[in-house]
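Residue numbers start at 1 and run along the sequence shown.
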Amino acid sequence: MTDEELWATVVGQAEAVGFLRSAAASPVHAYLFVGPPGAGRATAARAFAGSILARGTEGDDADRHRRLAGAGRHPDLVWVSPPGRALLVAAAEGITVESSRSPIEADRKVMVIDRFDTAEPECAASLLKTIEEPPASAVFVLLAEEVPDEHVTIASRCVRVDLPPVPDVVVAEALLVEGVPADRTTGLAEAAAGRVQIAQSCA
């Protein structure tokens, strides 16, 4: 998978994609992707990880890093999701330990924490030092719908990337490219209300 193909999976977020493609060349310690469900946070995180993990490689090796990350199967892409309604403080130690482990195949490890806005205040507090001063080989990507007041401190330690709802016309165009009949794309896009993944799943 080429870099162009990898980033083409992120629909309707040109500003975020432009910023992240540049940032992947020399990533900082932590990023915070903020946007509604279905706007592309997870897809952007996988694409960003793929670009980071492919750094320093070329040809088939680079393609492999990007392909595995894009599919969420790269050994150096660690994806943490709350098992229930919230990210509990019990998860913080495991995240810290995992981030300290050496990468397996790439020269970096990307730690994605999904639904970080659900983190208990104690969990966020426990992760603050790890996220603001992670091991040199680790890059954190936090995904959130919003930034609750109790997470403002940890958010201030991250580079924020906003992924707003995608315009209906862009969603419709993406569906058309995927082969959805033209007479259905507009209705699906409007029903999805800017959530590309919802529209795709309903197509």
Side-chain angles (χ1 to χ4, degrees), residues 1-27 30-81 105-106 108-116 139-145 159-182 184-186 188-203:
M1 174 180 276
T2 67
D3 197 59
E4 289 290 339
E5 290 170 333
L6 178 65
W7 284 106
T9 62
V10 186
V11 176
Q13 299 292 355
E15 184 174 348
V17 166
F19 172 78
L20 291 170
R21 290 186 73 170
S22 297
S26 184
Y31 296 81
L32 173 63
F33 293 8
V34 181
R41 286 174 300 163
T43 306
R46 288 190 290 268
F48 189 44
S51 287
I52 291 173
L53 297 173
R55 286 190 329 138
T57 64
E58 56 186 24
D60 291 344
D61 285 344
D63 290 345
R64 178 178 178 276
H65 283 298
R66 288 188 286 258
R67 183 178 66 255
L68 289 175
R73 298 198 305 267
H74 196 291
D76 294 318
L77 170 56
V78 179
W79 201 281
V80 179
S81 297
E105 294 188 11
R108 295 284 183 111
K109 172 179 286 190
V110 179
M111 302 284 302
V112 178
I113 305 180
D114 197 8
R115 293 170 52 216
F116 190 75
V139 175
F140 276 88
V141 178
L142 314 182
L143 309 183
E145 288 188 43
V159 174
R160 176 166 171 156
V161 180
D162 287 297
L163 292 98
V166 179
D168 290 350
V169 64
V170 176
V171 177
E173 289 172 355
L175 294 174
L176 195 61
V177 168
E178 293 182 1
V180 177
R184 297 186 60 213
T185 57
T186 299
L188 286 169
E190 291 175 350
R195 297 168 295 177
V196 179
Q197 294 170 344
I198 299 298
Q200 291 170 328
S201 66
C202 295

If every non-hydrogen atom of [X] is compared with every non-hydrogen atom of [Y], which pair is closest and at what distance?
{"X": "V166", "Y": "G12", "value": "CG1-CA, 3.9 Å"}
{"X": "G70", "Y": "L6", "value": "CA-CD1, 3.9 Å"}
{"X": "A62", "Y": "A54", "value": "O-CB, 3.8 Å"}
{"X": "A44", "Y": "L20", "value": "CB-CD1, 4.5 Å"}
{"X": "A45", "Y": "V141", "value": "CB-CG1, 4.2 Å"}
{"X": "D114", "Y": "S81", "value": "CB-OG, 3.6 Å"}

- Item | D76 side chain vs E105 backbone, donor-acceptor pair below 3.5 Å |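 Checking the backbone N and O of E105 against the side chain of D76, a donor-acceptor pair under 3.5 Å is found.
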- Within the distance-only criterion (no hydrogens, no angle test), does the side chain of Q13 pair as donor or acceptor with the backbone N or O of A39 below 3.5 angstrom?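 Looks like yes, one N/O pair under 3.5 Å.
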- Contact check, side chains of Y31 and F19, non-hydrogen atoms, under 4.5 Å: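 SC-SC contact between Y31 and F19 confirmed.
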- Task: Decide yes or no for E145 and P37: does some side-chain heavy atom of the first lie under 4.5 Å from some side-chain heavy atom of the second?
- Result: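 E145 reaches P37 side chain to side chain.
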Go through the structure and list residues passing salt bridge (Lys or Arg N to Asp or Glu O under 4.0 Å) with [X], not counting sequence neighbours.
{"X": "E58", "answer": "none"}
{"X": "E15", "answer": "none"}
{"X": "R160", "answer": "D162"}

- Message: Can you tell me how the ring of F48 sits relative to the ring of W7, calling it parallel under 30°, perpendicular over 60° and tilted otherwise?
- Response: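 Plane angle between 30° and 60°, so tilted.
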Measure the spacing between [atom1] of [X] and [atom2] of [Y] and express it to the nearest 0.5 Å.
{"X": "R108", "Y": "I52", "atom1": "CZ", "atom2": "CD1", "value": "7.0 Å"}
{"X": "D3", "Y": "H65", "atom1": "CG", "atom2": "NE2", "value": "13.5 Å"}
{"X": "M111", "Y": "L142", "atom1": "CE", "atom2": "CG", "value": "10.0 Å"}
{"X": "L143", "Y": "I113", "atom1": "CG", "atom2": "CD1", "value": "9.0 Å"}

- Using 4.0 Å as the upper bound for N to carboxylate O, is an ion pair formed by R64 and D61?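 Looking at R64 together with D61, the answer is no, because their closest N to O distance does not fall below 4.0 Å.
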- Is the shortest distance from a Lys or Arg side-chain nitrogen in R66 or E4 to a carboxylate oxygen in the other one below 4.0 Å?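 Looking at E4 together with R66, the answer is no, because their closest N to O distance does not fall below 4.0 Å.
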- When you look at R46 and V112, which way does the side chain to side chain contact (heavy atoms under 4.5 Å, CB included) test go after all the steps? CA-CA 9 Å; R46 288 190 290 268; V112 178; over 6 Å; no
